[in-house]
Structures are given as structure tokens and as C-alpha cells.
Amino acid sequence: MATTRSAHTVWEGSLLEGNGVVHFDSSGAIAAQPVTWASRSQDANGKTSPEELIAAAHSSCFSMALSHALNGAGTPPTKLVTSADVNFQPGEGITGIHLTVEGTVPGIDDEAFAAAAEDAKANCPVSQALKGTNITLSAKLA
């Protein structure tokens with residue numbers, strides 16, 4: 001069963017002086033969030049950015065893919081803590097993403113956990129959508 005999720009942004013003004021508001025239409029689970037060029041290219045100052053939204057999507061998708069793979073291997077995780085750092089360089093764009101995961105997974109060794117994490121990195125749908133981006137990974141057991 002295919003699904004579609006939607007968001008929209010209302011932007012007012014020029015890139016450098018303007019501002020926008022991102023609305024999460026599908027779920028309404030996240031309140032509308034402000035976004036500006038300064039919040040993207042300098043300090044966040046309480047506003048989001050496209051890169052932060054990508055980081056949220058990537059960390060959650062990767063966690064789901066890794067959990068599913070570990071469960072399928074007979075070693076379901078107790079807990080996975082994943083962060084995604086999306087690097088943005090004005091004038092160049094997104095220059096890389098680094099995933100970091102720490103897992104509590106009974107019955108698995110470091111090597112098997114790292115292998116499962118690498119597979120999840122390569123195959124989660126968000127990683128697949130971002131294939132043109134250099135994605136790196138650090139994985140360890142808690």
C-alpha cells in the first residue's frame with residue numbers, strides 16, 4: 001500500500017531577508033516551523049532548515065531499517081539511538097551526511113551490528129533517495 005506524505009512552505013521576501021513557515025500537512029504532528037536563510041546558513045536561532053528536516057527523516061528511516069534487519073536476523077534491538085548530521089555549505093549545497101547509531105541488541109557482536117548498520121545505511125528509503133550524497137556511518141553497541 002503506497003502512501004504520500006505532504007508538507008508545504010509559505011515563503012515571503014527575498015532569500016537573504018525573507019522568511020518562511022513549513023507546515024506538516026499529512027500528520028499535523030509537528031507544529032508549523034519557521035525557516036530563514038540565516039537559520040540554514042548560520043545559527044539556527046530557534047528556526048529549522050531543510051537540512052535539519054532531512055536529518056530527522058534520515059535518522060528515523062535508518063532506525064526503522066536497522067530495527068527491521070536486526071529483528072529479521074533473530075536479534076531484535078532493545079534500543080537504537082541514531083543521530084544524523086547533515087552538512088550544508090552555502091554555494092555548494094549538502095556536502096555529506098554522517099549517521100551515528102548506538103544500539104542495545106542482546107545476542108549480537110560488534111561485527112554483526114556494524115554489518116547490519118551498514119546494510120541499513122545503504123538500503124533505507126531515505127538513503128536511497130539521497131544516493132548522490134556522501135553518507136558515512138559510525139555504529140557501536142551500548
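Start at 1 with the first residue, then count along the sequence. Just so it is clear, the structure is predicted and the values come from calculations on it, not from any experiment.
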Backbone N or O of [Y] within a donor-acceptor pair of the [X] side chain at under 3.5 Å?
| X | Y | result |
| --- | --- | --- |
| Q33 | A31 | yes |
| S39 | V35 | no |
| N71 | S67 | no |
| K121 | I135 | yes |

Over 12 non-hydrogen atoms of neighbours within 6.0 angstrom of CD in E111 |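 Check fails, neighbour count at 12 or below.
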More than 12 non-hydrogen atoms from neighbouring residues, nucleotides or ligands closer than 6.0 Å to CD on Q128, yes or no?
->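 Yes, enclosed.
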Show the nearest heavy-atom pair for residues [X] and [Y], with the distance to one decimal.
| X | Y | result |
| --- | --- | --- |
| V105 | I108 | O-CG2, 3.1 Å |
| P77 | L70 | CD-CB, 3.9 Å |
| P106 | P76 | CD-O, 3.9 Å |
| V126 | A57 | CG2-O, 3.8 Å |
| A139 | F113 | CB-CE2, 4.0 Å |
| P90 | S41 | CG-CB, 3.8 Å |

I need the [X] [atom1] to [Y] [atom2] distance, nearest 0.5 Å.
| X | Y | atom1 | atom2 | value |
| --- | --- | --- | --- | --- |
| S60 | L80 | OG | CG | 12.5 Å |
| L99 | S59 | CG | OG | 8.0 Å |
| I30 | D25 | CD1 | CG | 11.5 Å |
| Q89 | N87 | CD | CG | 9.5 Å |

Answer yes or no: is there a side-chain heavy-atom contact under 4.5 Å between [X] and [Y]?
| X | Y | answer |
| --- | --- | --- |
| M64 | C124 | no |
| H58 | V86 | no |
| S26 | S6 | yes |
| E102 | L141 | no |

Begin from the C-alpha positions of H98 and T100 and carry the test side chain to side chain contact (heavy atoms under 4.5 Å, CB included) through to its verdict.
-> CA-CA 7 Å; H98 184 72; T100 303; 3.3 Å; yes
Kindly determine whether H23 and T9 satisfy side chain to side chain donor-acceptor pair (under 3.5 Å), including the steps that lead there.
-> CA-CA 6 Å; H23 300 268; T9 299; over 6 Å; no
With hydrophobic residues grouped by side-chain heavy-atom distances under 4.5 Å, do L53 and I94 end up in a single group?
->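 No; tracing contacts between hydrophobic side chains, which count when under 4.5 Å, never links both residues.
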Under 4.5 Å between side-chain heavy atoms, hopping through other hydrophobics if needed: is there a path connecting L66 to L130?
->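 Yes; tracing contacts between hydrophobic side chains, which count when under 4.5 Å, links both residues.
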Distance-only donor-acceptor check, side chains E52 and S49, under 3.5 Å |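 No, because no side-chain N or O of E52 sits under 3.5 Å from a partner of the opposite role on S49.
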For F88, what residues pass the ring pair (Phe, Tyr, Trp, His ring centres under 6.0 Å) criterion, not counting sequence neighbours?
->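 Checked F88 against ring pair (Phe, Tyr, Trp, His ring centres under 6.0 Å); matches are W37.
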Excluding sequence neighbours, so at least two apart, what forms ring pair (Phe, Tyr, Trp, His ring centres under 6.0 Å) with H68?
->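 Per chain and number, H68 pairs via ring pair (Phe, Tyr, Trp, His ring centres under 6.0 Å) with no residue.
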With side chain to side chain contact (heavy atoms under 4.5 Å, CB included) as the test, would you mind laying out the steps for V101 and L137 before giving the verdict?
-> CA-CA 8 Å; V101 62; L137 172 69; 4.2 Å; yes
Residue list, side-chain hydrogen bond (donor to acceptor under 3.5 Å, both in side chains) with T82, at least two apart or on another chain |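 Per chain and number, T82 pairs via side-chain hydrogen bond (donor to acceptor under 3.5 Å, both in side chains) with S63.
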Derivation and outcome, side chain to side chain donor-acceptor pair (under 3.5 Å), residues T95 and E92 = CA-CA 7 Å; T95 58; E92 289 182 46; 5.8 Å; no
